[in-house]
Protein chains: 2
Amino acid sequence: MFNKLHRTAEELIQHSGGRATAGRIRILSILLAEQQAITHREIEQRLPQTLQLDRVTLYRALEWLVGKNLIHKVTSDDRAWRYHANRELHSHQHAHFKCTRCAQVICLSDLSMERSWHLPIGYQFQEIELTVKGLCADCS
Amino acid sequence: MFNKLHRTAEELIQHSGGRATAGRIRILSILLAEQQAITHREIEQRLPQTLQLDRVTLYRALEWLVGKNLIHKVTSDDRAWRYHANRELHSHQHAHFKCTRCAQVICLSDLSMERSWHLPIGYQFQEIELTVKGLCADCS
DNA sequence: ACAATTGCTGCAACATTGTTGCGTTTATTT
DNA sequence: AAATAAACGCAACAATGTTGCAGCAATTGT
């Protein structure tokens, strides 16, 4: 199971024209294995004893993966980025749900985000970021 | 002009059952005078020389104003809260626009946010936070 | 297989934003 | 004016993220 993710991660990274280092592969595997968007800290904790990475290295690897469009960042209100692997389904615009009690963040894929609205004249649209807050199934 | 805002701010604070201190009145005046949501730092810079407040005091005053529903906080992706006075029009759910070049944040009032979507079973809705990103009229 | 090269890593130091504890001052109440 | 509860300022701390630089390692060329 994990070997499969590991191989997938390795391929994705190689196809992106970067060095497939142990750290990057492991980080991407962790994010691929995760259903929800997780923080830098949570990723750090999921790293095995045998492969501890420096905080800075982790930040830089994540930044690199974002640049290669393999993962994406989610803004949260606790001023900590959360990261999530890009899957086909929601590679572009999608929304996130954040539990106000346990801080869990998940992706909402079937959220219709039609642009039934207008920006003021002269304004130019780039992207939309939508977070729904509430209680998750465990906390409600 | 400013006197009028000052008086409005003072009344709002008194009606909220709190102490109408010079700092709180000034902060609320500043936010009432502003069309866009601004950061803690920007508020600090708009304080007159004669009324410099400690960082902590400013944070606490803002927190208090949020609790009294006189202003609201906006999450941004630069991990800095932005604050904006609550006006009738968008006292509850509304969206924000953030310019990706100059970082200006404005409120979008006429954004239809019908809940045409569903949360997973067991999840409970509380609030929605929507930020549209792009270029503002000056930057595009 | 080996050396060169490019880019990745780790360390240390720093920056920014926000929070907590506590003693002092101030706005309001009486 | 005095009492009191609330607000303030200072110092220290916490969390998250960034930058510069020296060294190491994965890839490339031979």
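Every chain is numbered from 1 and lettered A, B, ... according to where its sequence line falls, protein lines coming before strand lines.
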Is there a donor on the side chain of B:Arg60 or the base of D:dA7 sitting less than 3.5 Å from an acceptor on the other? no
Rounded to whole angstroms, how far apart are CD1 on A:Ile27 and P on C:dC8? 12 Å
Taking for each residue the nucleotide of DNA chain C with the nearest heavy atom, is it B:Gly18 or B:Trp81 whose nucleotide lies nearer the 5' end? B:Trp81
Do A:Arg55 and D:dG17 share a donor-acceptor pair, side chain to base, under 3.5 Å? yes
Identify whether any heavy atom of A:Ala61 sits under 4.0 Å from a base atom; if not, whether one sits that close to sugar-phosphate; answer base, sugar-phosphate or nothing. nothing
For B:Glu63 and D:dA7, give me the distance from atom CD to atom C1', rounded to whole Å. 15 Å
Sole residue of A:Leu31, A:Leu32, A:Ile27, A:Ile13 in side-chain contact (heavy atoms from CB on, under 4.5 Å) with A:Leu70: A:Ile13
Comparing nearest nucleotides in DNA chain C, the 5'-proximal residue of the pair B:His40, B:Arg19 is B:His40
Per the atom types in the model, does the base of C:dG7 pair as donor or acceptor with the side chain of A:Arg24 at under 3.5 Å? no
Separation of C:dT9 C1' from A:Asp54 CG (nearest whole Å): 8 Å
When you check the phosphate oxygens OP1 and OP2 of C:dT9, does a side-chain N or O of A:Thr21 lie under 4.0 Å from one of them? yes
Take atom CD of B:Gln52 and atom P of D:dC8, then tell me their distance rounded to the nearest Å. 14 Å
Compare side-chain N and O positions of B:Thr57 against OP1 and OP2 of D:dG9 and report whether any pair is under 4.0 Å apart. yes
Is there a chain of hydrophobic side chains (I, L, V, M, F, W, Y, each step under 4.5 Å between heavy atoms) that links A:Leu130 to B:Val105? no
Atom-pair distance (CD1 on A:Ile13; C1' on D:dT27), nearest Å: 15 Å
Nucleotide D:dA25, atom C1' - distance to CD1 of A:Ile25 in whole Å: 14 Å
Do the non-hydrogen side-chain atoms of A:Tyr123 and B:Cys99 ever get within less than 4.5 Å of each other? no
How do A:Lys73 and A:Ala20 order along DNA chain D: which one's closest nucleotide is nearer the 5' end? A:Lys73
Of the options C:dA12, C:dA27, C:dT9, whose atoms approach the side-chain atoms of A:Val56 most closely? C:dA12
Can A:Glu129 and B:Thr131 be counted as having a side-chain donor-acceptor contact under 3.5 angstrom? no
Rounded to whole Å, OH of B:Tyr59 lies from C1' of C:dT16 at a distance of 8 Å
Going by atom types only, do B:Glu11 and B:Thr8 share a side-chain donor-acceptor pair under 3.5 Å? no
Under-3.5 Å donor-acceptor pair between B:Arg41 side chain and C:dT16 base: no
Rounded off to whole Å, could you give me the CG-to-P distance for the B:Leu58 and C:dT19 pair? 12 Å
